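Please read these numbers as outputs of a predicted model, since none were measured by experiment. Chain A is the first sequence line, chain B the second, and so forth, proteins listed ahead of strands; every chain is numbered from 1.
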Amino acid sequence: MPELPEVESIAKCLRNGSATNPSLIGMCINSATLHWQRSLVTPSSDDFISRIQGQEIDSIYRRGKFLAFQLSRDTLIFHLRMSGDLVIQQGEEIPTRHVRLTLELEKGYTLCFLDPRKFGRVWLVSQPENIFAALGPEPLDENLTAEKFYASLKAVKRQLKPLLMDQSFLAGLGNIYTDEALHRAAIHPLMISNQLTQKQAAALLDSIREVLIEGIQRNGASIDWVYRGGDFQNHFRVYHRVGEPCYRCGTPIERIRVGQRSTHFCPNCQNLRNK
DNA sequence: ACGAGCGCCTGTCGGC
DNA sequence: TGCCGACAGGCGCTCG
C-alpha cells in the first residue's frame with residue numbers, strides 16, 4: 001500500500017486541490033454509496049450512509065498510514081492498505097472497476113475510494129483517537145529525539161526490518177521506505193535492535209527522515225499498475241533493484257525474505273558483522 | 001517476546 | 001495462446 005509519503009501526498013491533494021481537482025475542504029457530503037460491504041469496519045452500512053449524509057468536510061489529515069477527514073460531527077477514516085486510492089471525479093466520469101465506496105459531494109463532484117485488492121478499510125467514528133491508539137510516534141515529529149529512538153530500540157530485541165514496519169513502534173514506514181532507510185544508514189535489515197550503537201540509532205533515524213521527506217517531495221512512489229503521480233520510484237537505491245549495482249559500492253543488490261516480505265539490501269554496505 | 005505462516009483479494013508478469 | 005506460479009506499497013491472527 002501507500003506508505004506515509006503516499007498517504008501524505010493524497011491528503012495534501014484532497015486538502016489543497018490540484019490542477020485536476022478542487023479542494024474538498026468545506027464541501028458537503030450529500031450521499032454515500034457502499035459498493036463492497038467488507039471495506040467498511042464501522043458502523044453498519046445503513047448507519048454509515050445515514051450518519052455521513054449532510055456532514056461537511058472541515059479538515060483532512062494523516063496519522064501513520066491512516067487518512068482522516070474531520071467532518072461536522074464525526075471523523076471518516078481510511079486505511080488504504082496495499083492497493084487503495086482516493087480520487088475525485090466530476091459528473092458521470094465515475095470509474096467502473098474497483099470502486100468500493102463513493103461519496104457524492106457538491107457541484108457534481110464524487111470522492112471515489114478505489115481498491116482492487118479489497119484490503120482497504122473505512123471507519124466513521126466520533127472518537128478517532130481510539131483508531132490511532134495503538135500507533136507509535138510519527139517519524140517526522142520533532143519530539144521523537146535520537147535519544148528516545150535509541151532507548152526504544154534498546155527496549156526490545158527484534159530484527160530491525162520487522163520492527164521498523166511495526167506500526168506500534170513507529171507509524172508510517174512500509175516495505176519500501178524501510179529498505180531504503182536501512183540502506184542509507186548502512187545497517188543490515190536483520191540486525192537486532194538492541195545491538196545498535198547510539199550513533200547507528202541516530203543515523204537510522206536521520207535516514208528514515210531523509211527517505212520520507214524525499215518521498216513526500218516527490219509526491220510518493222508509483223509502482224506497478226498503481227500510478228498516483230509521484231516519481232520516487234525512480235530514485236530507489238535498493239527496492240526493486242535485485243542484481244543491480246549498489247550506488248555506493250557497486251556490489252549487486254540482494255533480496256531476502258523477512259516475515260514473508262521482500263527485503264532488499266547491499267550485502268557489502270549493510271554487513272551484519274563489523275557494525 | 002518474538003518470528004513464521006497464513007488468510008484476506010485481485011491483478012500482472014514471466015516461463016513453459 | 002493459455003495455464004500456472006510468483007509476486008505485489010498491509011495487517012491481524014494463530015501457533016510454536
* Quick one: A:Glu3 CD to C:dA8 P, roughly how many Å, whole number? -> 13 Å
* Looking at B:dA1, does its base get a donor-acceptor pair with the side chain of A:Arg158 below 3.5 Å? -> no
* Would you indicate, yes or no, if C:dC11 has its OP1 or OP2 atom less than 4.0 angstrom from a side-chain nitrogen or oxygen of A:His79? => yes
* C1'-based separation of B:dC6 from C:dC7 [nearest Å] -> 16 Å
* With a 4.0 Å cut-off, would you call A:Asp179 and A:Arg237 a salt bridge? -> no
* Considering just the side-chain nitrogens and oxygens of A:Arg38, establish if one lies under 4.0 Å of OP1 or OP2 belonging to B:dT10. => no
* Does the side chain of A:Arg100 get closer than 4.0 angstrom to OP1 or OP2 of B:dC9 through an N or O atom? -> no
* To do: Could you check whether A:Val258 gets within reach of a base, just the sugar-phosphate, or nothing at all, counting any heavy atom under 4.0 Å?
  => nothing
* To do: Look at the side-chain N and O atoms of A:His240 and state whether any lies under 4.0 Å from the OP1 or OP2 oxygen of C:dA8.
  => no
* Roughly how many Å is it from CE in A:Met165 to C1' in C:dG12, rounded to a whole number? -> 14 Å
* Asked: Do any side-chain nitrogens or oxygens of A:Ser262 fall under 4.0 Å of OP1 or OP2 in C:dA8?
  -> yes
* When the aromatic ring centroids of A:Phe78 and A:Phe66 are compared, is their separation below 6.0 Å? -> no
* For A:Phe119 and B:dC8, say yes or no: do the ring centres fall under 5.5 Å of each other while the ring planes differ by less than 30°? => yes
* Asked: What's the shortest heavy-atom distance between A:Gln167 and A:Leu173, and which atoms?
  -> NE2-O, 2.9 Å
* To do: Send over the distance from A:Met82 CE to C:dG12 C1', rounded to a whole Å.
  => 14 Å
* Spacing of A:Asp115 atom CG relative to C:dA8 atom P, expressed in whole Å -> 18 Å
* Asked: Is the distance between the ring centroids of A:His183 and A:Phe265 less than 6.0 Å?
  -> no
* C:dG10 C1' sits how many Å from A:Phe66 CZ, rounded? -> 10 Å
* Given B:dA4, is OP1 or OP2 found less than 4.0 Å from the side-chain N or O atoms of A:Gln260? -> no
* Identify whether the distance between the nearest side-chain nitrogen and carboxylate oxygen of A:Arg62 and A:Glu138 falls below 4.0 Å. => yes
* To do: Considering just the side-chain nitrogens and oxygens of A:Lys118, establish if one lies under 4.0 Å of OP1 or OP2 belonging to B:dG11.
  => no
* Quantified in whole Å, what is the P atom distance between nucleotide B:dG7 and nucleotide C:dG5? -> 15 Å
* To do: Choose from B:dC6, C:dG10, B:dT10 the nucleotide whose nearest atom is closest to any side-chain atom of A:Arg261.
  => C:dG10
* To do: Check the distance between B:dG3's C1' and A:Lys157's NZ and give it to me in whole angstrom.
  => 14 Å
* Value in whole Å for how far the P atom of C:dG10 lies from CG of A:Leu173 -> 10 Å
* **Nucleotide opposite C:dC13 in a Watson-Crick or G-U pair, distances under 3.5 Å** => B:dG5
* Would you kindly give the CZ-to-P distance between A:Arg97 and B:dT12, to the nearest whole Å? => 6 Å
* No-hydrogen, no-angle side-chain donor-acceptor test under 3.5 Å, A:Ser31 and A:Glu104 -> yes
